[in-house]
Amino acid sequence: MTRSHPHPHSLPHPSRRALLGGAALTAFAVATGAGAGTANAATGTKTATTIGGGAGGGTWPTEFPLPNGFLPEGIAIGRKPYAYMGSRANGAIYRTDLRTGEGGILFAGGTGLIAVGLKLDHDGLLYVAGNTGVARTHDSRTGEVVATHQLTEPTGHFINDVTLLGDRAWFTDSRAAALYGVPRGRTGTVKTLPLTGDWVQLPDVNNANGIVGTPDGRALIVVKSTPGELYNVNLRTGHATKITLVGAANVVNGDGLYRIGRTLYVVQNRLNLISVFHLDSKATTATLTGTITDPRFDVPTTAARFGNRLYLVNARFTSPQTPETTFTGVAVPI
């Protein structure tokens, strides 16, 4: 793994699963910090040589397999060392024990289902963006579908990513200028929040993608994959203010977002890159402080954190998307 700083500051691959074939629209929660390694004074990059001890450290695997043909995109991790990953092929959910790298299918999925962005709540409910106008809630222990929300019409929309803020799970729609707030828990009314202000919806491309709350918890940050912009969205009105980028022209191919304090991490999928930004107090300016790359990145889409590691799934959008295609999750130190 390499980091650049433009500013100071034994489980074998599971057997093939024919039922996991197919494909869907592609799109879509990334952290970093100082890690052990050797610095190159000439280039200003840092190459990690090990992942240290502690939770998610030393003896835990840094790479693990997913089922062939799984077509992963989203990943979620809670307080326990388990990663949940969703399938674009059929909406299946795969759970991996981060301590061993071993995993298995938690939810088998089904025809017409898709799972992209995921977030795990403290009560064990797993919120899943389902692409075709759908958001689902699963029990993370059993995989059971607790609730299904039809947020929009099935066509012309792409429910892509999700974050938890306040009393709602907020979902993005890459093909429409709106966010959708699903009540956290098992019941409640969905809220539609149209995007206004600086937001201009572009036709025939993925717009809103990754989403996180602001540091003060009063607004949402949304990445617009095309042309590569960040927005601060008012939770009450939907007014979107374009965030000023300092040190970076854009965040093109921006996918999953992850935030720790005022540090924002933007996964730029096809660039095999994570850009790291420092937010100002109002989250209206983002200053680039570094980037993270790794030779194992193969179009990473989203990320989640456990202990001193960041875990990402490789969607491999530039490779054949077949039932035989292999997929992995990887860990980098933070």
Side-chain angles (χ1 to χ4, degrees), residues 28-29 73-87 91-96 105-110 112-154 157-174 176 178-195 208-222 233-238 256-260 302-306:
F28 178 171
E73 182 156 351
I75 181 171
I77 301 173
R79 291 174 293 188
K80 297 181 180 180
Y82 298 96
Y84 299 80
M85 292 145 287
S87 169
I93 296 173
Y94 191 85
R95 181 171 61 192
T96 293
I105 295 290
L106 179 69
F107 173 68
L113 297 183
I114 295 171
V116 277
L118 298 86
K119 285 295 182 297
L120 181 61
D121 210 342
H122 58 79
D123 60 1
L125 292 181
L126 184 66
Y127 294 85
V128 179
N131 188 347
T132 55
V134 171
R136 297 194 308 276
T137 308
H138 292 256
D139 186 317
S140 66
R141 296 165 298 178
T142 65
E144 175 189 2
V145 178
V146 173
T148 299
H149 302 275
Q150 189 70 46
L151 306 180
T152 69
E153 299 84 359
H157 295 268
F158 183 4
I159 307 304
N160 197 335
D161 204 354
V162 57
T163 197
L164 306 177
L165 184 63
D167 61 355
R168 293 182 183 271
W170 288 96
F171 291 82
T172 58
D173 187 339
S174 293
L179 304 178
Y180 309 95
V182 172
R184 292 166 74 169
R186 298 172 184 263
T187 60
T189 303
V190 174
K191 177 180 180 179
T192 299
L193 186 68
L195 295 174
N209 199 329
I211 182 171
V212 293
T214 56
D216 62 10
R218 297 178 180 178
L220 294 161
I221 297 173
V222 176
V233 179
N234 186 297
L235 269 176
R236 293 184 300 103
T237 67
L257 299 181
Y258 196 88
R259 182 186 57 76
I260 302 176
T302 60
R305 176 191 181 188
F306 190 83

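Given the structure is predicted, the values throughout are model-derived calculations rather than measurements.
- Between F107 and L126 the shortest side-chain heavy-atom distance does not fall below 4.5 Å.
- When each of T96, I77, L106 is checked for a side-chain contact (heavy atoms from CB on, under 4.5 Å) with M85, only T96 meets the rule.
- Using modelled atom types, no side-chain atom of R259 and backbone atom of I221 make a donor-acceptor pair closer than 3.5 Å.
- Among all heavy-atom pairs drawn from G117 and D161, the shortest one is CA-OD1, 3.7 Å.
- One distance of note links CG of L125 with CZ of R184; it measures 9.5 Å at 0.5 Å rounding.
- Minimum interatomic distance between H122 and R79 (heavy atoms only, all atoms of both residues): O-NH2, 2.9 Å.
- Counting heavy atoms from C-beta on, the side chains of L220 and L235 come closer than 4.5 Å.
- No side-chain heavy atom of V182 sits less than 4.5 Å from a side-chain heavy atom of V162.
- Annotation: side chain of F171 is in contact with side chain of Y127 (closest heavy-atom distance under 4.5 Å).
- Legend: residues meeting side chain to side chain contact (heavy atoms under 4.5 Å, CB included) with R168, ordered by chain and number and at least two apart, are W170, P183, K191.
- One distance of note links NE2 of H157 with OG1 of T152; it measures 4.0 Å at 0.5 Å rounding.
- Of the options V222, N160, L257, D173, a side-chain contact (heavy atoms from CB on, under 4.5 Å) to N209 is made by N160 and by none of the others.
- Atom-to-atom distance recorded for L120:CG and L164:CG is 8.5 Å, nearest 0.5 angstrom.
- Separating the CD1 atom in I114 from the CG atom in N131 is a distance of 4.0 Å, to the nearest 0.5 Å.
- Heavy atoms only, all atoms of each residue included: K119 and T163 are closest at CG-CA, 3.9 Å.
- Scanning all heavy atoms of the two residues, the minimum distance from G74 to T302 falls at CA-OG1, 3.3 Å.
- The nearest pair of heavy atoms linking A76 to L118 is CB-O, 3.7 Å.
- Y84 meets the ring pair (Phe, Tyr, Trp, His ring centres under 6.0 Å) test with no other residue; sequence neighbours excluded.
- Every residue meeting the side chain to side chain contact (heavy atoms under 4.5 Å, CB included) condition with D216, not counting sequence neighbours, appears here in chain and number order: T214, R218.
- Here the closest heavy-atom approach between residue V128 and residue V116 is recorded as CG1-N, 4.5 Å.
- Counting heavy atoms from C-beta on, the side chains of L179 and L195 come closer than 4.5 Å.
- Under a 3.5 Å cut-off, the side chain of D121 and the backbone N or O of G124 do not form any donor-acceptor pair.
- Counting heavy atoms from C-beta outward, I159 and T172 have side chains that stay 4.5 Å or more apart.
- Atom-to-atom distance recorded for R95:CZ and R141:CZ is 10.5 Å, nearest 0.5 angstrom.
- Atom OG1 of T132 and atom CG of L113 lie 7.5 Å apart (nearest 0.5 Å).
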